[in-house]
Amino acid sequence: MHDFNYKDKELYCEDVSIAKIAEDIGTPFYLYSQKTLTNHFKNFDEAFSAIPHIVCFAVKANPNISVLKLFANEGGGADIVSGGELFRALKAGVPAEKIVYAGVGKTNNEIRAALYAGILMFNVESSEELIRIDEISGRIGIKARIALRVNPDIDPKTHPYISTGLKKNKFGIPIEEALESYQTAMRLTNVEIVGIHKHIGSQLTEISPFVDALKRILRLADNLKKEGINIKYIDVGGGLGITYKDEEPPAPKELAKAIVPLIKGKKRDYTLILEPGRVLAGNAGILVTRVLYQKKSGRKNFVIVDAGMNDLIRPSLYSAYHNIIPVRKKPIKKFKADIVGPICESGDFLGKNREIACEQEDLLAVMSAGAYGSSMSSNYNSRPLIAEVMVKGRDYHIIRKRQDYEDIIIKEEVPSFLR
Ligand code: LLP
């Protein structure tokens with residue numbers, strides 16, 4: 001479900017030739033399809049239309065302001081984890097009353113900024129954070145709306161680095177302690193309890209962990225009600241997976257079919273908050289890179305491209321698979337090669353043992369790179385952050401310029417003793 005397709009033998013994004021963009025702006029660059037992003041949002045949003053809900057895009061997946069604005073224009077909110085993400089979301093025009101704020105290490109300044117902005121709620125991850133928020137709220141005279149992020153101890157069956165809902169993970173408050181924490185929150189004068197939050201992990205390809213976790217959370221909500229604590233929002237986090245290779249994750253409507261009945265018609269008068277990241281942006285973006293050289297080392301072939309692990313770290317960090325395809329299909333023989341970047345690390349690869357048909361100067365498309373691609377990139381090896389481009393129909397728009405070398409060093413200063 002995306003809009004990157006071959007026309008004849010050439011890869012297009014919607015109605016724009018990718019080779020033409022590369023010719024105009026150089027490589028490497030991230031490329032997003034407006035149509036795919038919009039369709040993904042609508043499809044997700046409509047799946048939950050039977051109950052009151054807010055789709056809060058997980059900004060960390062793709063924080064480009066244009067991407068955030070696109071979702072905001074469709075009625076979306078934002079799930080943020082830092083002051084920087086708050087700044088971006090507000091800049092993009094996301095209404096503060098649709099912003100939820102998670103993260104285990106919120107600083108005083110970040111809490112203050114979110115209170116002044118008037119966000120929908122803080123997803124509080126520890127008792128100490130709860131006390132801190134209460135103190136700051138009291139000091140500045142703005143009541144904080146809060147949910148407690150509860151760790152339901154459910155195995156999401158995904159990569160250990162992106163699983164978050166197990167006791168051994170650093171996130172949230174253990175479910176057995178949640179009732180007590182809510183009672184503590186009740187006694188605080190500057191916070192208003194409005195919700196429960198959970199997020200168990202990312203790239204989930206099965207429905208059952210979502211259902212099991214939600215059932216636990218709803219049981220907690222029922223118990224809170226008995227204690228006179230009435231909440232309005234059930235925030236189920238994000239985590240729905242996508243197809244990178246041959247995964248068959250449930251569609252949003254299948255997920256909705258499994259979880260909506262747990263709320264609707266059960267006297268559970270809640271507004272559902274959803275925090276999808278990857279499922280909205282992942283397959284709506286690609287990384288376009290050019291082949292610099294090819295070489296052989298013993299029996300191994302290497303295709304060296306101009307994008308590296310600083311641009312897309314997922315393969316190096318999680319052994320993640322991203323399909324890599326030629327932008328122009330050529331009638332040449334395929335061979336097996338590692339597709340590697342220019343960085344001085346053996347872990348700098350985009351794909352290993354891939355069947356590929358390409359030559360020097362050819363363009364390659366690294367697929368499914370719209371989520372946790374650009375957002376996790378860095379200046380390692382003093383490489384400028386690359387351009388980001390969005391296609392709409394027959395036109396393309398640069399939504400982030402490529403950095404130059406001056407941009408990289410702009411905040412650096414040489415102390416007087418070195419001058
Ligand atoms: N909500 C919370 C509280 C989260 O921590 C996350 C992701 C999301 C929502 C969105 O999850 P999604 O729908 O995108 O799965 N860098 C890793 C993924 C880390 C996810 C962190 N939290 C990767 O490249 O796979």
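These numbers were taken from a predicted model, which means no experiment stands behind them. Each ligand, and each atom within it, is numbered from 1 in the order the structure gives.
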**Fill in**
A student comparing K60, K198, H197 should find that the heavy atom closest to atom 5 (O) of ligand 1 comes from K60
**Options Y318, F57, Y244, ranked by nearest heavy atom to atom 23 (C) of ligand 1, top entry** = Y318
Taking heavy atoms and a distance under 4.0 Å, where does [X] meet ligand 1: side chain, backbone, both or neither?
{"X": "V279", "answer": "neither"}
{"X": "S202", "answer": "both"}
{"X": "F171", "answer": "neither"}
{"X": "H199", "answer": "side chain"}
{"X": "R278", "answer": "both"}

**Message:** Taking distance alone, with N or O pairs closer than 3.5 Å, would you say G239 contacts ligand 1?
**Reply:** yes
**Asked** For A58, is at least one N or O under 3.5 Å away from an N or O on ligand 1?
**Response** no
Closer than 4.0 angstrom, basic N to acidic O: yes or no for [X] and [Y]?
{"X": "R149", "Y": "D235", "result": "no"}
{"X": "D338", "Y": "K300", "result": "yes"}
{"X": "D153", "Y": "R216", "result": "no"}

**Asked** In terms of the angle between their ring planes, are H53 and F48 parallel, tilted or perpendicular, with boundaries placed at 30° and 60°?
**Response** tilted
Find all atoms of ligand 1 within a distance of less than 4.0 Å from any non-hydrogen atom belonging to [X], and give their numbers and elements.
{"X": "E275", "answer": "1 (N), 2 (C), 3 (C), 8 (C), 9 (C), 10 (C), 13 (O)"}
{"X": "G277", "answer": "12 (P), 13 (O), 14 (O)"}
{"X": "P276", "answer": "13 (O)"}

**Fill in**
Sorted by chain and residue number, the side chain to side chain contact (heavy atoms under 4.5 Å, CB included) partners of K215 (sequence neighbours excluded) come out as V211, R219, L262
**Asked** Can E14 and K392 be said to form a salt bridge (Lys or Arg N to Asp or Glu O under 4.0 Å), step by step?
**Response** CA-CA 7 Å; E14 299 187 27; K392 182 175 190 303; over 6 Å; no
Taking only distance into account, with no hydrogens and no angle test, what donor-acceptor pairs under 3.5 Å do side-chain atoms of residues 65-75 form with protein atoms, sequence neighbours excluded?
residue	atom	partner	partner atom	Å
K69	NZ	A92	O	3.2

**Message:** Determine whether D407 and K401 satisfy the following criterion, salt bridge (Lys or Arg N to Asp or Glu O under 4.0 Å), listing intermediate values before the conclusion.
**Reply:** CA-CA 11 Å; D407 293 328; K401 288 186 195 141; over 6 Å; no
